[in-house]
Engineer: 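What follows is a single structure, and I will ask about it in a moment.
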2 protein chains.
Amino acid sequence: MKQEIARLGYALLGLLHGNPSSGYDLRKIFALTPMSTFSDSPGAIYPALRRLQRAGLVRGQVEGGSGSRRRQVFQPTSTGTAALKQWLTLPLEHEDVVRRMEELSLRFAFMDLVVGKHGSVRFLKSLERELKAYVPTLRRYLESMKAKMPLSSRLALENGIRGYETHLRWARAAVSAYEKEV
Amino acid sequence: MKQEIARLGYALLGLLHGNPSSGYDLRKIFALTPMSTFSDSPGAIYPALRRLQRAGLVRGQVEGGSGSRRRQVFQPTSTGTAALKQWLTLPLEHEDVVRRMEELSLRFAFMDLVVGKHGSVRFLKSLERELKAYVPTLRRYLESMKAKMPLSSRLALENGIRGYETHLRWARAAVSAYEKEV
DNA sequence: GGTGGCATGTAACCGGTTACATGATTAT
DNA sequence: ATAATCATGTAACCGGTTACATGCCACC
């Protein structure tokens with residue numbers, strides 16, 4: 001019963017939260033908006049919705065009347081919302097920053113609506129803390145290794161580090177944005 | 001025979017190029033360097049090496065003498081190097097930037113050694129071209145949607161855009177780095 | 001003789017990719 | 001009528017995750 005939820009599952013839960021949608025609607029989101037990091041393939045989305053439904057995390061209701069392939073609109077159940085909230089409030093760990101930065105971005109996108117401003121700011125501050133620690137270790141690694149690295153490898157690493165530095169600056173700016181707001 | 005090669009497969013081919021290593025060596029690279037976006041799990045690496053071997057892309061030779069679990073060092077065959085080169089010189093497409101930016105970074109890291117300065121610069125210029133086109137479309141999307149988006153979603157998108165802007169600035173700086181060099 | 005590091009492997013499970021397939025409704 | 005779009009589905013395949021397992025060697 002307590003099956004794990006995959007990334008796509010959380011993306012769907014987040015999108016459905018406060019926005020009941022059909023599989024087709026969700027596909028269009030993935031196809032036409034910057035959420036296009038996710039695949040809009042039916043082979044990904046419909047099975048994912050079924051899994052969520054079987055796990056009792058979303059409820060679907062068929063719109064209109066006749067026909068075997070009629071539009072079905074999904075929305076999270078209370079357990080679904082709880083699972084989403086639990087995911088959003090998971091403590092941020094070093095590994096998240098190293099290997100799952102995109103997932104963190106996704107989590108943050110849903111925060112306001114589900115866990116509110118406080119949750120969002122708490123998240124940003126722990127992200128800031130992790131990045132503040134991580135960036136210097138990357139810089140040190142680059143310094144100690146660059147003599148032995150080919151230029152493109154060095155530059156690739158530099159690119160990665162700049163990415164993290166950008167995230168860090170962004171996190172600080174985002175905290176200010178919340179402080180300014182209201 | 002013409003099986004597709006997964007990302008991990010290319011990562012291994014790239015690391016082995018000019019650097020014959022054992023599975024264990026490769027695991028340590030993934031565990032201890034900024035290549036840690038890849039898993040260092042034996043369940044990922046050893047099967048991947050076997051696949052490459054079966055496909056004739058790497059050749060392994062057992063070091064030392066006795067024992068059933070003796071260190072085995074792999075290196076790319078000429079077909080392996082050809083496959084790597086082919087991957088590295090694949091034309092850069094819009095979809096790569098949208099959905100596979102990390103893969104592009106990985107590709108670039110191996111460029112110098114395999115396709116040389118020319119290949120690296122060509123890659124950077126096409127990356128620059130793609131990003132120069134993509135960033136404004138993201139900015140426009142944000143402008144047109146931000147009124148309807150919760151703050152955290154807006155900020156998450158802003159984060160993504162800044163990431164791409166950073167990549168763009170980096171690509172330009174990287175081209176200069178090549179021009180300055182020799 | 002026991003701990004820890006070196007070194008390699010396997011198997012169950014699961015989710016995404018790709019490709020194929022169906023059928024209703026709307027627009028030309 | 002027929003093409004396009006709405007809308008949902010399935011099945012084979014494949015690779016990564018997780019967990020488990022084996023065995024050698026060095027050192028204390």
Side-chain angles (χ1 to χ4, degrees), chain A residues 1-13 20-32 35-55 57-58 60-74 95 99-100 102-103 106, chain B residues 1-13 20-32 35-55 57-58 60-74 95 99-100 102-103 106:
Chain A
M1 189 94 205
K2 202 30 281 174
Q3 297 280 90
E4 299 260 305
I5 305 170
R7 231 146 114 165
L8 175 58
Y10 285 116
L12 296 176
L13 277 176
S21 315
S22 68
Y24 194 78
D25 293 339
L26 294 163
R27 288 185 62 202
K28 275 191 299 183
I29 292 174
F30 294 145
L32 305 173
M35 293 274 296
S36 49
T37 40
F38 287 94
S39 162
D40 68 334
S41 132
I45 288 161
Y46 292 106
L49 283 170
R50 284 284 157 259
R51 282 195 297 274
L52 292 174
Q53 195 177 34
R54 258 183 251 127
L57 302 171
V58 303
Q61 56 194 66
V62 180
E63 271 184 356
S66 65
S68 58
R69 269 164 146 82
R70 214 47 221 118
R71 179 180 160 88
Q72 187 175 184
V73 173
F74 293 91
E95 275 295 285
R99 302 189 50 188
R100 289 181 293 268
E102 287 198 16
E103 184 174 338
L106 180 69
Chain B
M1 191 97 199
K2 195 56 247 193
Q3 296 281 91
E4 299 261 304
I5 303 172
R7 226 142 116 173
L8 175 58
Y10 286 117
L12 296 177
L13 277 176
S21 315
S22 68
Y24 194 77
D25 293 338
L26 295 163
R27 289 186 61 203
K28 276 192 298 183
I29 292 173
F30 294 145
L32 305 173
M35 295 271 296
S36 49
T37 38
F38 288 93
S39 161
D40 68 332
S41 131
I45 289 162
Y46 292 106
L49 284 170
R50 284 284 156 260
R51 282 194 299 273
L52 292 175
Q53 197 177 34
R54 257 183 253 129
L57 303 171
V58 304
Q61 57 193 66
V62 181
E63 272 186 357
S66 64
S68 58
R69 265 161 148 82
R70 216 51 218 117
R71 179 182 160 88
Q72 187 176 183
V73 173
F74 293 90
E95 277 293 286
R99 302 187 52 188
R100 287 181 294 267
E102 287 198 15
E103 185 175 336
L106 179 69

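As the structure is a prediction and not an experimental result, all values here were calculated from the model. Reminder, nothing fancy here: chain letters follow the sequence lines and each chain counts from 1.
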Engineer: Measure the distance from CG on Leu8(B) to C1' on dC14(D) and round it to the nearest whole Å.
Structural biologist: 13 Å
Engineer: Search all heavy atoms of Ser41(A) against all heavy atoms of Arg27(A) and return the closest pair with its distance.
Structural biologist: C-NE, 4.3 Å
Engineer: Find the distance Asp40(B):CG to dG5(C):P and express it as a whole number of Å.
Structural biologist: 14 Å
Engineer: Whole angstrom is fine here: how far is it from CZ in Arg7(B) over to C1' in dG15(D)?
Structural biologist: 13 Å
Engineer: Nearest-Å distance, CG (Leu12(B)) to P (dT8(C))?
Structural biologist: 13 Å
Engineer: Under 4.0 Å, heavy atoms only, any strand: does Arg27(A) hit a base, just the sugar-phosphate, or nothing?
Structural biologist: base
Engineer: To the nearest Å, give me how far apart CZ (Phe30(B)) and P (dG16(D)) are.
Structural biologist: 10 Å
Engineer: Of the listed nucleotides (dT10(D), dA7(C), dA7(D)), which one gets closest to any side-chain atom of Asp25(A)?
Structural biologist: dA7(D)
Engineer: Looking at every strand, decide which applies to Ser41(A) at a 4.0 Å heavy-atom threshold: base, sugar-phosphate, or nothing.
Structural biologist: base
Engineer: Side chains of Arg71(B) and Ser22(B): donor-acceptor distance under 3.5 Å anywhere?
Structural biologist: yes
Engineer: Which pair of heavy atoms, one from Ala48(B) and one from Leu12(B), lies closest together, and at what distance?
Structural biologist: CB-CD1, 3.7 Å
Engineer: If you only use heavy atoms from C-beta on, which nucleotide in dG9(C), dT17(C), dC6(D) is closest to the side chain of Arg99(B)?
Structural biologist: dT17(C)
Engineer: Would you check, one step at a time, whether the test side chain to side chain contact (heavy atoms under 4.5 Å, CB included) holds for Asp40(A) with Leu32(A)?
Structural biologist: CA-CA 9 Å; Asp40(A) 68 334; Leu32(A) 305 173; over 6 Å; no
Engineer: Write down the distance between CG (Leu32(A)) and P (dT5(D)), rounded to a whole number of angstrom.
Structural biologist: 12 Å
Engineer: Between dT8(D) atom P and Arg51(A) atom CZ, what is the distance in whole Å?
Structural biologist: 17 Å
Engineer: Using heavy-atom distances to pick each residue's nearest nucleotide on DNA chain C, tell me which of Arg71(B) and Ser39(A) is more 5'.
Structural biologist: Arg71(B)
Engineer: Identify the heavy atoms of Glu63(A) and Arg70(A) that sit nearest to each other, and give their distance.
Structural biologist: O-CG, 3.3 Å
Engineer: Rounded to whole Å, please give me the gap between CD in Glu95(A) and C1' in dT17(D).
Structural biologist: 14 Å
Engineer: Scan Ala44(A) against the nucleic acid and name what it touches under 4.0 Å (heavy atoms): base, sugar-phosphate only, or nothing.
Structural biologist: base
Engineer: To the side chain of Gln72(A), which of dG9(C), dT8(D), dG15(C) is closest?
Structural biologist: dT8(D)
Engineer: Within the 4.0 Å heavy-atom criterion, would you say Gly43(B) contacts the bases, only the backbone, or no part of the nucleic acid?
Structural biologist: base
Engineer: Nearest to the side chain of Tyr24(B), heavy atoms from C-beta on, is which of dT8(D), dT10(C), dA7(C)?
Structural biologist: dA7(C)
Engineer: Pick the closest DNA chain C nucleotide for Ser22(B) and for Ala48(A) by heavy atoms, then say which residue is nearer the 5' end.
Structural biologist: Ser22(B)
